[in-house]
Amino acid sequence: MRAFVLAATSLTLADAADAPSRPLILDGARWSCEGAVCTASGGSEQPATRACRRVVQRLGPVTAFSWKGVALTEEQIAACNA
């Protein structure tokens, strides 16, 4: 039996083609992607909204974003992608 643990830090890219093929280190977080879904471990202490903007600058727009257990709202994600 395989157990899944929901990652406290994760995102869904708007376009899976933007996902890096190898792990990416950004602000101390190690992001790994499978398709459009990426998860991270580690990372600096910063607000989820800032972390989202940093990821969007590097990987492109997201449709979902959670940083260290804080999930962004649709409005926050729209602002992050702007």
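- Across every non-hydrogen atom of L72 and C52, the tightest pair is CD1-CB, 3.6 Å.
- Side-chain contact between S10 and V37 is absent, with no heavy atoms from C-beta onward closer than 4.5 Å.
- Among all heavy-atom pairs drawn from G60 and D18, the shortest one is CA-OD2, 4.3 Å.
- Minimum interatomic distance between W67 and A48 (heavy atoms only, all atoms of both residues): CB-CB, 3.6 Å.
- By the salt bridge (Lys or Arg N to Asp or Glu O under 4.0 Å) test, R58 is found to be paired with no residue, residues two or more places apart in sequence or in another chain being considered.
- Between the CZ atom in R30 and the OG1 atom in T39 there is a gap of 9.0 Å [rounded to 0.5 Å].
- Hydrophobic clustering, with ILVMFWY side chains joined whenever heavy atoms are under 4.5 angstrom apart, keeps L11 apart from V70.
- Minimum heavy-atom separation, A16 to G35: CB-C, 3.9 Å.
- Each of R53, R54, K68 was evaluated against D27; a single residue qualifies, R54, per the salt bridge (charged side-chain N to carboxylate O under 4.0 Å, His left out) test.
- For the atom pair CG of L13 and CZ of F65, the computed distance is 10.5 Å after rounding to the nearest 0.5 Å.
- More than 12 heavy atoms of other shown residues, nucleotides or ligands fall within 6.0 angstrom of atom CD in Q57.
- Considering only heavy atoms from C-beta on, T63 stays 4.5 Å or farther from I77 through its side chain.
- Taken to the nearest 0.5 Å, the CD1 atom of I25 stands 11.5 Å off from the CH2 atom of W31.
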